[in-house]
Amino acid sequence: MDRIFTDQLGTWKRSLYCGEPRADAVGRELILVGWTQRRRDHGGLIFVDLRDRSGLVQVVFNPEVDAAAHEKARHIRSEDVIAVRGVLARRPPETVNPDLATGEVELLVHEVRLLNASEVPPFPVEDESDATENMRLKYRYLDLRRPRSLAPLVLRSRLTKLIRDYFDSHGFIEVETPVLTKSTPEGARDYLVPSRMYHGKFYALPQSPQLFKQILMVGGLDRYFQIVRCFRDEDLRADRQPEFTQLDVEMSFIQPDDIIDVIEGMMVLLFKELKGIDMPRPFPRLSWAEARARYGNDKPDLRFGLELKDFSACFAKSQIKVFANVLAAGGIVKGIAVPGGASLSRKELDDMTSFATNYGAKGMAWIKLADGEWQSPIAKFFTDVEREEIVRITGAKSGDLILFIADNDKVVHDSLSNLRLLLGEKLDLIDRNRYSLVWIVDFPLLEFDPAEKRYVAVHHPFTSPLDEDLALLEGEPLKVRSKAYDLALNGMEVGGGSVRIHQVDLQRRILELLGIRREEAEAKFGFLLEALSYGAPPHGGIAFGIDRLAMIFSGAQSLRDVIAFPKSQKAVCMLTEAPTPVDPRQLRELGIKTTGD
RNA sequence: GGGGUCGUAGUUCAGCUGGUUAGAACGCCGGCCUGUCACGCCGGAGGUCGCGAGUUCGAGUCUCGUCGGCCCCGCCA
């Protein structure tokens, strides 16, 4: 039978949040409102734990204090919304609850108003509850009543407040750019919005406000920032949502160092205010080439070692066919020396091998070093010279393990960088209380896409080449480095940007190099090219993943924890079940027919 | 598009090599209880084992397909 509460709040005003009453308020009459976390009915006495976002307080219904209130309290159940008026009392000494911030006091209720009955919740609304994420997201409003679930959103609120104040005090202007904008080639798949006014035409949701912020620089704003939602229609990961929030920044008349300087100031402030940590400046910098050589990727986690070592020279004449063949074909052999790794079991090594195959590796060779003896399926193929070289390169000693991957450059670095992270976790080498911040600079401007058989921009097509590499554009474009920079935090890319091209002829040359035909360039980027031709200042900027920052600062394991209503891995909103079909009339208005597959 | 893993009561889970009436805890409902705070005690209800085929005398268990959650590859300028 449905329970229906009909009491009204009336003129009652909350005196304090539930988590606030302390001994100094004893004797005061208070009005408290909130949700019933738990009712303990002793027949005579009824205790109710009243909860709101600030915490819990015990309220007591005693028939000797007020018989009517006590009678009403018999009907209270979990998650009912109630308001109580009563006198705050000091608890009897033996009943003080030291685990509760409000544990020294309790409210003796004189009157209760039952404001709204709740269905039985599908999971207990308590921090200790082990509800699955599935349930938590479907009933996010229940989940958010738990302090542990709300905390990351509170932190996120402080984070964006600090960022806004920081940029405001440094002379930046926050400008909102369109959400309904233009689809552009390159980059991620666009979310499209059909136009009702122009059947067959579409807006795109922005992947980032990139072009608008550059136009703002041409407009003379000089310093712009925005905390802005961006959209990319690609598959999800633990650290990737289809809609996400970016801190977008752009400045005029600057060099990369100027952006880096502003951002370091921001990061130092955030670490100080949110974590109480004095982050030393300047942050370390690695060239893209060095990061890749030593860590295998462009977002290294510097909190632990296990650096990659290159054995290509050492194995040029190896008897190990795989190594020799790979090297002859222009590939490389690299590896990781794992201190103490000889204790890993055969099964663990097999698991690591199959892990490496995720990244294209065809196998993983290994050696366990034990008291001068080398244990390895391929031990007998190593010459004495090779053994000496391996020891010299790695500094490995007895008890250590050495892993090798032989393949092309991409596969070797992809698999080893992920093996490195796996080992860092597995061997517990990562100090969770430390933070690794590192700038990656001197990215290549272009890479060759074998699938599309053309050059593509590593950052984006508006990134400026390094001045000293301009001459290489015609002959050896892959050797051209760019004025791009990424900031990696704990092995995650949290920010990336560049100084842009501000001269229209250079911009046209780059678009040409990317294989974008002149007419297409005009159609897609004409407004930018035109803007550049009217006195665009040198400018550059950066974009930061606010969700990822919030995730790291709050210690969350998933981006979903720092987003109020995140999407599932299949890009579905678990709460609203979006996306859903629409009324055929809506489609007709938009001039859209679906194919039905 | 691909790989892995999970799906059993409202919830979190157990259920060995296929076997007869599918369990536990918490929650829920009823009763008792004036110092509990994970209250306690007594009693009770609650299941399309995600869905669909198949194998079998017999399927929660095995096979195939499918749907969904999560992790990963591809993808993400």
Side-chain angles (χ1 to χ4, degrees), chain A residues 1 37-50 56-65 70 77-79 89 91-100 102-103 106 108 119-139 142 184-190 207-208 210-211 230-242 244 351 354-361 414-415 418 422 443 445-447 449 451-452 455-463 482 484 493 496 498 510 514 516 543 545 557-558 560 567-570 572 574 577:
Chain A
M1 194 170 81
Q37 167 131 339
R38 207 174 262 277
R39 183 187 63 126
R40 291 176 294 279
D41 187 343
H42 288 234
L45 285 179
I46 296 173
F47 299 95
V48 165
D49 290 336
L50 193 65
L56 264 188
V57 65
Q58 174 165 281
V59 302
V60 186
F61 296 88
N62 186 331
E64 292 165 15
V65 172
H70 177 265
R77 295 291 182 273
S78 291
E79 300 312 309
R91 291 198 192 189
E94 67 277 13
T95 67
V96 165
N97 184 347
D99 298 329
L100 214 54
T102 60
E106 60 193 6
L108 306 180
E119 295 291 336
V120 175
F123 57 87
V125 182
E126 295 174 18
D127 271 345
E128 296 73 25
S129 163
D130 47 1
T132 52
E133 195 176 21
N134 210 354
M135 278 290 134
R136 292 175 46 207
L137 293 181
K138 181 170 179 189
Y139 299 98
L142 297 180
T184 53
E186 308 283 300
R189 198 174 290 118
D190 284 322
Q207 297 177 28
S208 88
Q210 180 60 36
L211 298 180
C230 302
F231 306 85
R232 292 177 191 178
D233 188 3
E234 298 292 349
D235 287 351
L236 288 73
R237 290 287 186 280
D239 62 352
R240 253 166 46 190
Q241 283 272 313
F244 60 99
D351 287 348
S354 87
F355 176 80
T357 62
N358 284 341
Y359 303 94
D414 284 356
S415 48
N418 285 294
L422 183 76
F443 279 80
L445 183 72
L446 305 168
E447 61 189 344
D449 182 337
E452 295 201 31
Y455 296 115
V456 293
V458 168
H459 186 51
H460 58 50
F462 319 108
T463 302
S482 71
E493 184 198 325
S498 63
I510 297 291
L514 294 173
I516 298 173
Q557 294 302 304
S558 163
R560 293 183 294 275
K567 304 274 190 292
S568 79
Q569 189 159 45
K570 292 261 170 67
V572 169
M574 301 294 284
E577 296 180 330

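Quick note: numbers below take in every heavy atom, side chains included, and nothing from hydrogens, waters or symmetry partners. Since the model is a prediction, treat every value here as computed from it, not as a measurement. Sequence lines set the chain letters: A, B, ... in the order given, protein chains first and strands last, and positions in each chain run from 1.
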> Between E234(A) (CD) and G1(B) (P), how many Å, whole number?
Replying inline: 14 Å
>> In this structure, how many angstroms lie between the C1' atom of G35(B) and the CG atom of N62(A), rounded?
In response: 10 Å
>> Please compare E447(A) and P92(A) by the position of their nearest nucleotide in RNA chain B and report the one closer to 5'.
In response: P92(A)
> Base, sugar-phosphate, or nothing for E106(A), non-hydrogen atoms under 4.0 angstrom?
Replying inline: base
>> Measuring only the C1' atom in each nucleotide, how far is C6(B) from G60(B)? A whole number of Å is fine.
In response: 15 Å
>> What is the distance, to the nearest angstrom, from the CE atom on M574(A) to the P atom on C70(B)?
In response: 6 Å
> Salt bridge or not for D49(A) and R40(A), using N-O below 4.0 Å?
Replying inline: yes
Which protein N or O atoms sit under 3.5 Å from an N or O of nucleotides 38-45 of chain B?
from, atom 1, to, atom 2, distance (Å)
A38(B), O3', R38(A), NH1, 3.3
C39(B), OP1, R38(A), NH1, 2.4
C39(B), OP2, R38(A), NE, 3.3
C39(B), OP2, R40(A), NH1, 3.4
C39(B), N4, D41(A), O, 2.6

> Closer than 4.0 Å, any side-chain N/O of S568(A) to the OP1 or OP2 of G69(B)?
Replying inline: yes
> What integer number of Å spans the P atoms of C62(B) and G7(B)?
Replying inline: 11 Å
>> In whole Å, measure the gap between the C1' atoms of U20(B) and G10(B) for me.
In response: 29 Å
> So what does Q207(A) touch, heavy atoms closer than 4.0 Å: a base, only the sugar-phosphate, or nothing?
Replying inline: nothing
> When the C1' atoms of G23(B) and C70(B) are considered, how many whole Å apart are they?
Replying inline: 27 Å
>> By the 4.0 Å heavy-atom rule, please label F355(A) as base, sugar-phosphate, or nothing.
In response: nothing
> Does the side chain of R91(A) get closer than 4.0 angstrom to OP1 or OP2 of U36(B) through an N or O atom?
Replying inline: no
> Starting at CD of E79(A) and ending at C1' of G27(B), how long is that distance when rounded to a whole Å?
Replying inline: 13 Å
>> Pick the closest RNA chain B nucleotide for V60(A) and for D235(A) by heavy atoms, then say which residue is nearer the 5' end.
In response: V60(A)
>> Taking the P atom in each of G69(B) and C28(B), what is the distance between them to the nearest angstrom?
In response: 29 Å
> What distance, rounded to whole Å, do you find between the two P atoms, one in G15(B) and one in G54(B)?
Replying inline: 29 Å
> Paired with A24(B) by Watson-Crick or G-U wobble geometry, both distances under 3.5 Å: which nucleotide is it?
Replying inline: U12(B)
> Any donor-acceptor pair under 3.5 Å between the side chain of R560(A) and the base of C70(B)?
Replying inline: no
>> Whole angstroms only, please: what is the CG-P distance between L236(A) and G68(B)?
In response: 14 Å
> What do the steps show when you test L445(A) against Y455(A) for side chain to side chain contact (heavy atoms under 4.5 Å, CB included), and what is the final call?
Replying inline: CA-CA 10 Å; L445(A) 183 72; Y455(A) 296 115; over 6 Å; no
> If you measure from the P atom in C71(B) to the same atom in C13(B), how many Å do you get, rounded?
Replying inline: 16 Å
> Considering only the C1' atoms, how many Å lie between A9(B) and C37(B), rounded to the nearest integer?
Replying inline: 28 Å
>> What does the B/S/- profile of nucleotides 6-14 of chain B look like, 5' to 3', with a 4.0 Å heavy-atom cutoff to protein?
In response: ----SSS--
>> Would E106(A) and L108(A) count as a side chain to side chain contact (heavy atoms under 4.5 Å, CB included) here? Give the steps.
In response: CA-CA 6 Å; E106(A) 60 193 6; L108(A) 306 180; 4.1 Å; yes
> Yes or no on side chain to side chain contact (heavy atoms under 4.5 Å, CB included) for N97(A) and R91(A), after CA distance, side-chain angles and deciding distance?
Replying inline: CA-CA 9 Å; N97(A) 184 347; R91(A) 291 198 192 189; 3.6 Å; yes
> Are R560(A) and E133(A) ion-paired here, with the side-chain N under 4.0 Å from a carboxylate O?
Replying inline: yes
>> List the residues meeting side chain to side chain contact (heavy atoms under 4.5 Å, CB included) with Q207(A), not counting sequence neighbours, and say none if there are none.
In response: A188(A), D190(A), R232(A)
> Has the side chain of R237(A) got a donor or acceptor that lies under 3.5 Å from a partner of the other kind on the base of G74(B)?
Replying inline: yes
>> Could you tell me how far apart K570(A) (NZ) and G2(B) (P) are, to the nearest whole angstrom?
In response: 11 Å
> What nucleic acid atoms does R77(A) come within less than 4.0 Å of, heavy atoms only: base, sugar-phosphate, or nothing?
Replying inline: sugar-phosphate
